[in-house]
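Note on naming: letters A, B, ... go to the chains in the order of the sequence lines (proteins, then strands), and numbering restarts at 1 for each one. All of these numbers come straight from a predicted model, not from anything done at the bench.
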2 protein chains.
Amino acid sequence: MEFKEAKNKFVQTWGALGSQWGINKTMAQIHALLMVSHEAVSMEDIMEELQISRGNASMNLRALMDWGIVYKEYKAGERREYFTAEKDLDELAVKISRERSKREIKPALKVLKEVSSITSDNTAEEKHFVDQTTKLYDFVLKADNMLDKMTEYKDNWLAKLVVKIMK
Amino acid sequence: MEFKEAKNKFVQTWGALGSQWGINKTMAQIHALLMVSHEAVSMEDIMEELQISRGNASMNLRALMDWGIVYKEYKAGERREYFTAEKDLDELAVKISRERSKREIKPALKVLKEVSSITSDNTAEEKHFVDQTTKLYDFVLKADNMLDKMTEYKDNWLAKLVVKIMK
DNA sequence: TTAAAGTTTCAAAAAAAAATGAAAGTTTAT
DNA sequence: ATAAACTTTCATTTTTTTTTGAAACTTTAA
């Protein structure tokens, strides 16, 4: 396999993976492209490589910057804007985790708390509902906190956790 | 908030969360409904509660059973099939992790391995590509393994991991 | 064996999500 | 102040995904 083919395969695969996890294909593809580019890439180049429109490129670049995983770069004496991706994978994981937690998990937790707090009139049905949603709330909260700790400490997370537990 | 309202809110929220993570809304809603139902539910009831067609219900129930998180139940002397969800959340997490790993992560890893193995002709561009995809492969593999270990040991994962590290 | 009660399948329709592209907006150099 | 170079926005179109519903299929009971 030669370089161009490999690069294209990578971009397509990353795009498909994105779709499966609720991230739009183009957004994931742009991210993939920037990840493996050794230098900053212009919007023109992105449009050209991925065969997408200016509007599409612009909107998805904005979304990636909102996630904090793509940055704008200005080259001296050039009008045009260039883009780079966060290339440190630990840092990337931290940012993706934080955003997904903030945008999706936290609001879901809020709802779980609400619905598990109804004053049940003690039918078996209602008791089961309260019980199950309470468990779910606790579970999701625990998982969310764990992810937070893991990403906070990056590679170091296990060591710190162990230290904390042992003292 | 009364029970019916809370139940509905829960089902809607779980459906929305599903969509954001690449699981179709109806599938997530059926799962939510079964999770909080104290007894097995028929296809009729699911269609009625979620206002969906028979075909939709049938296909998504099949998908949930393929994931191993919903079961068919037969009631003595009844023709009709009933459905229940896996209600143990640790078990649910294990099954979801395993399926997503098998269906999505493993195939992506295979591609990452392929594309990172091109014989680079040592331009800076190609070197960077190989370097970055190799790092990505290692990272995703590590994350996938970690999730596997965590779910394998469920609540016990940290203890076992610590034991392993200390010996 | 047949018909009733139920389930599955899949082509077609509908809905939702994403992409386009042209007009409006911005910035910079002169 | 103007125009060139570039970016953003958003109504419309396209694509993708999901849903429908009716026909085919399966199972059970009489």
Q: Pairs in or reaching into residues 80-107 of chain A: which pass ring pair (Phe, Tyr, Trp, His ring centres under 6.0 Å), with residues at least two apart or in two chains?
A: none

Q: For residues 8-18 of chain A, which residues have at least one heavy atom under 4.0 Å from DNA chain D?
A: none

Q: Is the number of heavy atoms from other residues, nucleotides or ligands under 6.0 Å of A/K110 NZ greater than 12?
A: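 Atom NZ in A/K110 is not packed in, count stays at 12 or less.
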
Q: Tell me, do B/Y137 and B/V115 make a side-chain contact under 4.5 Å, heavy atoms counted?
A: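 Of all side-chain heavy-atom pairs linking B/V115 with B/Y137, none is under 4.5 Å.
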
Q: Taking A/F139 as the starting point, is it possible to reach A/V130 by hopping between hydrophobic residues whose side chains are less than 4.5 Å apart?
A: yes

Q: With side chain to side chain contact (heavy atoms under 4.5 Å, CB included) as the criterion, how do A/I118 and B/E5 come out once you've worked through the C-alpha distance, each side chain's angles and the decisive distance to 0.1 Å?
A: CA-CA 10 Å; A/I118 57 167; B/E5 190 190 346; over 6 Å; no

Q: Looking at B/D138 and B/K142, is any side-chain nitrogen of the basic one under 4.0 Å from a carboxylate oxygen of the acidic one?
A: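 The answer is no: the pair does not qualify as a salt bridge.
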
Q: Check the surroundings of atom NZ in A/K75: do more than 12 heavy atoms from other residues, nucleotides or ligands lie under 6.0 Å from it?
A: yes

Q: Can you tell whether the side chains of B/D131 and B/K135 come within less than 4.0 Å, N to carboxylate O?
A: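 So B/D131 pairs with B/K135 through a salt bridge.
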
Q: Is it the case that over 12 heavy atoms from other parts of the model lie below 6.0 angstrom from the NZ atom of B/K25?
A: no

Q: Residues of residues 41-67 of chain A with any non-hydrogen atom less than 4.0 angstrom from an atom of DNA chain D: list those, numerically ordered, please.
A: A/M43, A/R54, A/G55, A/S58, A/M59, A/R62

Q: Relative to each other, are the rings of A/H38 and B/H128 parallel, tilted or perpendicular (30° and 60° limits)?
A: tilted

Q: Grab the CD-P distance between A/E78 and D/dC6 for me, whole Å please.
A: 8 Å

Q: Would the number of heavy atoms belonging to other residues, nucleotides or ligands and lying under 6.0 Å from CZ of A/R103 be above 12?
A: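 More than 12 heavy atoms, drawn from other residues, nucleotides or ligands, come within 6.0 Å of this atom.
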
Q: What pairs of nitrogen or oxygen atoms, one from the protein and one from nucleotides 27-30 of chain C, lie under 3.5 Å apart?
A:
| unit_1 | atom_1 | unit_2 | atom_2 | d |
| --- | --- | --- | --- | --- |
| C/dT27 | O2 | A/R79 | NH1 | 3.3 |
| C/dT27 | O2 | A/R79 | NH2 | 2.6 |

Q: Tell me, yes or no, whether the heavy-atom count around B/E48 atom CD, taken from other residues, nucleotides or ligands under 6.0 Å, exceeds 12.
A: no

Q: Check the angle between the aromatic planes of B/W21 and A/W21 and answer parallel, tilted or perpendicular using the 30° and 60° thresholds.
A: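 Answer is perpendicular, since the angle exceeds 60°.
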
Q: Kindly say if B/K72 contacts the phosphate of C/dT8, meaning a side-chain N or O under 4.0 Å from OP1 or OP2.
A: yes

Q: For Watson-Crick and G-U wobble pairs within 3.5 Å on both distances, what is DNA chain D written in dot-bracket notation, | included for inter-strand pairing?
A: ||||||||||||||||||||||||||||||

Q: Could you tell me whether the side chains of A/S42 and A/D45 share a donor-acceptor contact shorter than 3.5 Å?
A: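 Yes - a donor-acceptor pair under 3.5 Å links their side chains.
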
Q: Among residues 22-37 of chain A, which contact DNA chain C at a heavy-atom distance under 4.0 Å?
A: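 Those residues are A/N24, A/T26.
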
Q: How about B/K87 and B/L34: do any of their side-chain heavy atoms sit closer than 4.5 Å?
A: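 In short, these two side chains do not touch, never coming nearer than 4.5 Å.
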
